[in-house]
Amino acid sequence: MRGSLPINGAKNSALKLVAAALLAEGRTTITNVPDIADMHAMADVARHLGVNVDASVPGTFVLDVPGELHTATPPELVQRLRASIVVLGPLVGRQRRARLAMPGGCNLGSRNIDLHLAGLARMGAEVTYGPDYVEATCERLSGANIELPFASVGATENLLLAAVLAQGRTRISNAAREPEIGDLVAFLQSMGARIQGTGTSELVIDGVDQLSPTHHAVLGDRIEAGTFVVAAALTGGDVTLTGVDPEHLRLALEKLRDAGASVSGDATTGLRVRAGDELRALDVVTLPYPGFPTDLQPQFLVLLSQARGTSMVTENVFDGRFSILGELSALGAEIDLEGHHAVVRGPRPLSGRTVTASDLRAGAALVLAGLVAEGETRVAEPHHIDRGYADFAGRLRALGGDVERADVPVDLEDVAAAP
Ligand code: EPZ
């Protein structure tokens with residue numbers, strides 16, 4: 001892979017900024033919005049709540065938020081998108097109630113929302129839920145001290161969004177520190193919210209009575225960048241990525257250097273990755289930021305399948321995130337699962353066949369595997385990839401990858417026959 005590529009706005013920020021826009025009546029503009037399925041789904045959720053969303057200019061969402069929002073979302077909309085759970089905080093905070101279908105999204109093991117609900121309850125919300133809905137009501141939320149047992153990204157975001165209009169001070173301890181949360185804090189501050197501690201695991205929010213609409217550019221997507229960085233290292237390439245801050249990928253880039261690639265550049269010159277002569281095995285442990293990102297774990301499994309030696313990949317964030325192992329083994333990788341550790345022995349040559357994407361990042365990782373497998377690899381269910389990567393095939397092709405989107409449905413009998 002050779003050449004330079006602009007990185008899109010971060011999916012895992014942009015989705016939450018749409019929810020944050022609900023907090024203020026008026027016109028909010030969000031730019032550098034990635035053109036991905038999840039964003040269109042989130043726009044539909046906002047529309048259903050009464051917001052006029054103009055997405056006619058590529059990369060820009062203009063949201064006209066009414067004085068009164070609807071407070072319920074239908075199952076068919078919310079099942080498509082787990083992230084839509086973050087409309088809970090703003091709706092209770094601004095409209096005193098919300099009733100949401102239980103979210104769908106990736107199937108990465110048990111994806112609970114208990115920390116979201118427990119935090120809202122501590123702020124005074126009356127929370128009830130059934131197998132397919134969650135409801136929260138409160139005349140006015142009050143600030144509270146909330147200690148998260150796990151640095152949950154979604155819970156941190158939902159509670160932030162609830163606290164900015166609450167009565168008094170909220171302290172969120174053990175808050176997630178992902179860069180996307182920093183982007184959300186900056187967005188809320190530009191609306192008039194009073195938040196301290198951005199980037200740390202202690203967020204202090206002093207509620208205000210009203211927020212104003214705003215204008216904000218989404219930060220670069222560190223996970224999209226990390227995916228292309230692995231593609232470059234895998235294929236003996238030399239790739240420069242612009243529009244992303246390498247600081248947000250620091251640990252993943254350090255691992256790439258350990259694996260033998262050379263990494264240089266910064267947010268202004270662009271992040272440059274040149275593959276080394278060979279790939280060396282190494283260990284990876286996924287953890288909340290600034291730990292190694294779980295969203296790059298499948299891509300690194302592919303990389304390490306081509307590295308010389310034995311690597312250990314430990315997944316600590318999601319209990320169901322090794323679904324790709326069967327597909328990678330079918331391609332020829334040697335990976336054994338031991339609890340939440342995957343032991344990878346390499347290098348092992350991969351040979352192309354039909355495989356199936358099970359979720360967004362696993363799907364992208366299978367395409368990367370296809371870039372180094374002998375012969376043709378077909379990845380079925382590519383709609384998973386469309387959720388988080390705009391024109392993934394076209395952008396890989398722009399860097400020299402031999403990838404095309406086959407609109408004809410893959411011969412699923414072939415897939416079904418896979419061991
Ligand atoms: C966000 O998911 C991202 N999604 C995920 O990216 C990312 O992998 C994850 O954060 C971790 O970085 C979006 O931002 C839309 P969590 P989220 O709350 O908020 C458990 C991608 O590919 N948990 O930090 O759901 C949960 O079950 C996606 O772009 C509870 O038990 O992540 C999971 O095991 C995949 N109870 C772990 O914590 C709760 O109330 C991480 O969840 C909340 C979470």
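Read the numbers this way: they start at 1 and go in the same order the structure lists the ligands and their atoms.
- The shortest N or O to N or O distance between A155 and ligand 1 is not under 3.5 Å.
- Residue-to-ligand polar distances keep F150 apart from ligand 1: every N/O pair is separated by 3.5 Å or more.
- Environment of CD in E147: crowded, with over 12 heavy atoms of neighbouring residues, nucleotides or ligands closer than 6.0 Å.
- Atom CD of E254 has more than 12 heavy atoms from other residues, nucleotides or ligands within 6.0 Å.
- Under the 4.0 Å criterion applied to side-chain N and carboxylate O atoms, D336 and R345 are assigned as salt-bridge partners.
- Between E157 and ligand 1 there is no heavy-atom distance shorter than 4.0 Å.
- At least one donor-acceptor pair closer than 3.5 Å links the side chain of E327 to the backbone N or O of T356.
- Judged purely by atom type and a 3.5 angstrom limit, K255 has no side-chain atom pairing as donor or acceptor with the backbone of L251.
- Contacts between E180 and ligand 1, counted as non-hydrogen atom pairs separated by less than 4.0 Å, are absent for every part of the residue.
- Applying the side chain to side chain donor-acceptor pair (under 3.5 Å) test between N316 and each of H340, Q297, R321 identifies H340 as the sole match.
- Near V153, meaning under 4.0 Å from any of its heavy atoms, are these atoms of ligand 1: 10 (O), 12 (O), 16 (P), 18 (O), 19 (O), 24 (O).
- In R361, the part holding a heavy atom less than 4.0 Å from any atom of ligand 1 is the side chain.
- In the vicinity of G154, heavy-atom distances shorter than 4.0 Å reach the ligand 1 atoms 18 (O), 19 (O).
- The residue among T286, D38, N112, N158 with a heavy atom at the shortest distance from atom 43 (C) of ligand 1 is N112.
- Contact analysis puts R321 in contact with ligand 1, with a non-hydrogen atom separation below 4.0 angstrom.
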Does the side-chain contact (heavy atoms from CB on, under 4.5 Å) test come out yes or no for R274 and S264, once each step is laid out?
CA-CA 9 Å; R274 275 166 291 172; S264 57; 3.9 Å; yes
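- The distance from ligand 1 to the heavy atoms of I113 drops below 4.0 Å at these ligand atoms: 39 (C), 40 (O).
- For ligand 1 and D295, the ligand atoms under 4.0 Å from any heavy atom of the residue are 5 (C), 6 (O), 7 (C), 8 (O), 21 (C), 22 (O), 28 (C), 29 (O), 35 (C).
- F392 and F228 have tilted rings, their planes meeting at an angle from 30° to 60° on a 0 to 90° scale.
- Comparing heavy-atom distances from atom 30 (C) of ligand 1 across D114, T156, I223 singles out D114 as nearest.
- Taking OH of Y133 as the reference point, atom CG of L100 lies at 12.0 Å (rounded to 0.5 Å).
- Of the N or O atoms in D319, none lie within a sub-3.5 Å distance of an N or O in ligand 1.
- Near K11, the atoms of ligand 1 lying under 4.0 angstrom from a non-hydrogen atom of the residue are 21 (C), 29 (O).
- Using a cut-off of 4.0 Å between Lys/Arg side-chain N and Asp/Glu carboxylate O, K11 and E180 are scored as not salt-bridged.
- Counting the atoms of ligand 1 from 1 in the order shown, those under 4.0 Å from a heavy atom of A83 are 15 (C).
- We find that E202 and R171 are joined by a salt bridge, their nearest charged nitrogen and carboxylate oxygen being less than 4.0 Å apart.
- The V317 neighbourhood of ligand 1 comprises atoms 33 (C), 34 (O), 37 (C), 41 (C), with distances under 4.0 Å to a heavy atom of that residue.
- Ligand 1 has no nitrogen or oxygen under 3.5 angstrom from a nitrogen or oxygen of A151.
- At a heavy-atom distance under 4.0 Å, only side-chain atoms of L360, from C-beta outward, approach ligand 1.
- The shortest N or O to N or O distance between L115 and ligand 1 is under 3.5 Å.
- Residue K16 has at least one N or O atom closer than 3.5 Å to an N or O atom of ligand 1.
- Just one residue in the list V164, T198, T156 forms a side-chain contact (heavy atoms from CB on, under 4.5 Å) with V185, and that residue is T198.
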